[in-house]
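Some notes on the structure that comes next.
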Amino acid sequence: MLRLSPCSSLPASLTCPQDLPGYFSISLVGILSAMIWTIRWHHQPASYNSPTPRLYLIHLNLVLSDITSSGTFTVSGPLFQPIRAWVGEDVQLSRQLSPKMDVQGMIVKWVRGPLVVHLYRMGQEMEEVQAPAFQGRTKMLRQDMAEGKVTVRIHQVQLSDTGQYACYFQEGSFYNETSFDLQVAERQEGAFSVIGSAQLIRAKQGEDITLSCQLSPKMDAWDMTVNWFRNQTLVHRYPTGEKLEGSQGTEFQGRTELLKCDMAEGKVTLRIQQVQVSDSGPYTCHFRSPDNCDEAHIELHVAASPWLGSCQP
């Protein structure tokens with residue numbers, strides 16, 4: 001099977017320290033590029049009737065068959081970008097695999113440009129390959145890894161931490177990635193950040209559940225706009241207004257309520273009635289004031305209730 005080393009398959013903007021053993025499967029784009037390059041620069045360019053293109057197509061078919069048979073996945077990033085943080089805060093960066101699968105045996109690598117932010121390799125955190133700027137400041141939160149969610153915490157972010165980050169997942173010969181921007185700024189008067197639960201919220205089908213977010217520092221949220229989303233679907237909006245039902249996801253209509261008793265302290269709680277398995281997924285709580293906005297992410301997992309037969313004892 002046609003393969004390239006990890007250095008060949010990563011973006012040119014990233015370095016490739018010798019911390020990822022084995023080889024990555026070359027991507028479809030890479031295969032096609034290699035075919036075009038070779039045919040173009042061969043000393044005796046092959047015609048379409050020659051065996052050379054056929055040989056490449058055979059290789060391409062083998063590679064695609066191998067990728068199809070392996071466990072493939074996609075990596076989802078944040079709903080809103082960039083991710084914003086204030087100097088001195090701890091920032092949690094979470095990514096989710098789809099379909100959900102156990103990532104404890106994978107390789108997970110976070111980078112910012114050429115710098116290795118954090119490397120997790122099959123149960124071990126490889127601190128020796130980290131860039132000096134991140135040593136002693138990162139930690140992998142592992143409680144949700146069996147569900148395909150990976151969170152890395154960066155302690156006391158600084159202005160110099162601003163930039164584009166990428167997260168790579170590798171399982172065997174397959175890998176995928178996502179990128180996002182982090183912006184770190186000095187805290188201004190009236191500025192805030194939003195804190196949500198870093199742990200997976202679990203519920204059973206048919207239960208009522210609550211999801212909460214908290215402003216930091218604590219401040220009155222009555223005059224702010226608060227939107228809750230599941231993926232791209234609007235779950236609830238505050239203030240409600242007359243157009244909520246027109247923009248709210250149909251599956252949530254008549255089932256959501258905002259608990260406002262703690263809003264003066266900056267805490268907003270969303271209640272969803274009679275949750276279903278289809279309600280599972282990543283939720284986003286987005287606050288906006290006239291001068292600032294921020295969000296937090298919460299993961300909900302709803303388990304199906306055991307089927308009960310109609311027979312009674």
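Please read all numbers here as calculations on a predicted model, not as lab measurements. Side chains included, hydrogens not; waters and symmetry mates left out as well; all remaining heavy atoms used.
Following chains of ILVMFWY side-chain contacts shorter than 4.5 Å, one cannot reach Leu141 starting from Val150, and the two form parts of different hydrophobic clusters. Under the 4.5 Å side-chain heavy-atom criterion for ILVMFWY residues, no single connected hydrophobic cluster contains both Leu259 and Val194. Following chains of ILVMFWY side-chain contacts shorter than 4.5 Å, one cannot reach Val152 starting from Ile195, and the two form parts of different hydrophobic clusters. When hydrophobic clusters are built by joining Ile, Leu, Val, Met, Phe, Trp and Tyr residues whose side-chain heavy atoms come closer than 4.5 Å, directly or via intermediates, Leu97 is not grouped with Leu200.
Under the 4.5 Å side-chain criterion, counting only non-hydrogen atoms from C-beta, Val87 is in contact with Gln158. Side-chain contact between Val91 and Leu93 is present, with at least one heavy-atom pair separated by less than 4.5 Å. Side-chain contact between Asp161 and Arg112 is present, with heavy atoms from C-beta onward closer than 4.5 Å. By the 4.5 Å heavy-atom criterion applied to side chains, Cys167 and Lys109 are not counted as neighbours. Using a 4.5 Å heavy-atom threshold, the side chains of Thr162 and Asp181 count as separate. Contact annotation: the side chain of Ser94 approaches that of Lys149 to within less than 4.5 Å [non-hydrogen atoms, C-beta and beyond]. Arg95 has its side chain out of reach of Tyr168: every pair of non-hydrogen atoms, C-beta onward, lies at least 4.5 Å apart. With contacts defined as side-chain heavy-atom distances shorter than 4.5 Å, the pair Gln156/Asp90 qualifies.
For Glu128, the CD atom counts as densely surrounded, since its 6.0 Å shell holds more than 12 non-hydrogen atoms of other residues, nucleotides or ligands. Within 6.0 Å of CD on Gln164 lie more than 12 heavy atoms contributed by other residues, nucleotides or ligands.
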Would Glu207 and Val302 count as a side-chain contact (heavy atoms from CB on, under 4.5 Å) if you check the C-alpha gap in whole Å, the side-chain angles of each, and the deciding distance to 0.1 Å?
CA-CA 9 Å; Glu207 292 181 338; Val302 181; over 6 Å; no
Criterion side-chain contact (heavy atoms from CB on, under 4.5 Å) on Ser193 and Trp86, from CA distance to verdict:
CA-CA 8 Å; Ser193 58; Trp86 306 114; 4.0 Å; yes
Just do the side-chain contact (heavy atoms from CB on, under 4.5 Å) check on Thr151 and Asp144 with the steps written out, would you?
CA-CA 8 Å; Thr151 300; Asp144 298 324; 5.8 Å; no
I'd like to know whether Val275 forms a side-chain contact (heavy atoms from CB on, under 4.5 Å) with Asp208, so could you lay out the CA-CA distance, the side-chain angles of the two residues, the decisive distance to 0.1 Å, and finally the verdict.
CA-CA 6 Å; Val275 292; Asp208 291 358; over 6 Å; no
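Shown here are the side chain to side chain contact (heavy atoms under 4.5 Å, CB included) partners of Val277, two or more places apart in sequence or in another chain: Gln205, Ala304. Applying the salt bridge (Lys or Arg N to Asp or Glu O under 4.0 Å) criterion to Lys100, with sequence neighbours excluded, gives Glu299. Under the rule for a side chain to side chain donor-acceptor pair (under 3.5 Å), the partners of Gln130 that lie at least two apart in sequence or sit in another chain are Thr138. Scored by the salt bridge (Lys or Arg N to Asp or Glu O under 4.0 Å) test, Glu127 finds no partners at all (sequence neighbours excluded). A search for side chain to side chain donor-acceptor pair (under 3.5 Å) contacts involving Asp279 returns Arg255, not counting sequence neighbours. Not counting sequence neighbours, the partners of Gln92 by the side chain to side chain donor-acceptor pair (under 3.5 Å) test are Arg153. In terms of the ring pair (Phe, Tyr, Trp, His ring centres under 6.0 Å) criterion, Phe252 has no residue partners (sequence neighbours excluded). Listed by chain and residue number, Glu125 satisfy the side chain to side chain donor-acceptor pair (under 3.5 Å) test with Arg142 (two or more places apart in sequence, or in another chain). Among residues two or more places apart in sequence or in another chain, the side chain to side chain contact (heavy atoms under 4.5 Å, CB included) test is passed with Asp102 by Gln104, Ala146.
What you find for Phe229 and Asn231 is that their closest heavy atoms are CB-O, 3.6 Å. Nearest heavy atom pair, residue Val129 against residue Val116, reads O-CB, 3.5 Å. The two residues Phe287 and Cys213 have their closest heavy-atom pair at CE1-CB, 4.1 Å.
For the pair Arg84 and Glu295, the salt-bridge criterion is not met [side-chain N within less than 4.0 Å of a carboxylate O]. With salt bridges taken as basic N to acidic carboxylate O contacts below 4.0 Å, none links Arg288 and Asp294.
With 3.5 Å as the limit, one finds a donor-acceptor pair spanning the side chains of His297 and Thr284. Thr256 and Gln248 are linked by a side-chain donor-acceptor pair at a separation below 3.5 angstrom, with hydrogens and angles left out of the test.
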Which donor-acceptor pairs under 3.5 Å do side chains of residues 261-273 form with protein atoms, sequence neighbours excluded?
residue	atom	partner	partner atom	Å
Thr269	OG1	Ser212	OG	2.8
Arg271	NH1	Glu257	OE1	3.1

All N/O donor-acceptor pairs, side-chain side in residues 219-228, below 3.5 Å, sequence neighbours left out:
residue	atom	partner	partner atom	Å
Asp220	OD1	Trp222	N	2.8
Asn227	OD1	Arg237	NE	3.2

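Sorted by first and then second residue, the ring-ring contact (aromatic ring centres under 6.0 Å, His included) pairs involving residues 114-167 (not counting sequence neighbours) are Tyr165-Phe180.
In terms of modelled atom types and a separation under 3.5 Å, the side chain of Asn176 and the main chain of Phe73 share a donor-acceptor contact.
Not less than 6.0 angstrom separates the ring centroid of Phe174 from the ring centroid of Phe169.
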